[in-house]
Amino acid sequence: MAEASLTGTDVEHEANRLLFRAVHEVALGHAGADVSQVVAVLRRRLVNVPGLDDHGLRRIAEEISVGRDPSGL
């Protein structure tokens, strides 16, 4: 039982790590770009990310468009 829990936690951790890495890469390459351009890039990079809706994408894109890296990396 504990093994299944650890495996689920490990999978979730890895998924989050990949998400943050993708956001970081978009932030590096598109800092200062128009919000709509950043949203388009994020949509392509973050296809099927659970729990990330249009509002979340826009919020991340707004941060990147003003030169911030919301990934924390």
- prompt: Is any side-chain heavy atom of D34 less than 4.5 Å from a side-chain heavy atom of S65?
  reply: no
Side chains of V23 and L73 in contact at under 4.5 Å (non-hydrogen atoms): no
Is there a path of hydrophobic side-chain contacts, each under 4.5 Å between heavy atoms, that joins [X] and [Y]?
| X | Y | answer |
| --- | --- | --- |
| V41 | V39 | no |
| I60 | V26 | yes |
| L52 | F20 | no |

- prompt: Could R43 and D54 be called an ion pair, given the rule that one side-chain N must be under 4.0 Å from one carboxylate O?
  reply: yes
- prompt: Salt-bridged, R58 to E62, with N to O below 4.0 Å?
  reply: yes
Nearest atoms (heavy-atom pairs only) where P70 meets I64: CD-CG1, 3.8 Å
statement: Value for CD (E25) from CG (D69), rounded to nearest 0.5 Å, stands at 10.5 Å
field: side-chain contact (heavy atoms from CB on, under 4.5 Å) evaluation trace for L42 with R45
entry: CA-CA 5 Å; L42 287 169; R45 294 290 306 269; 5.6 Å; no
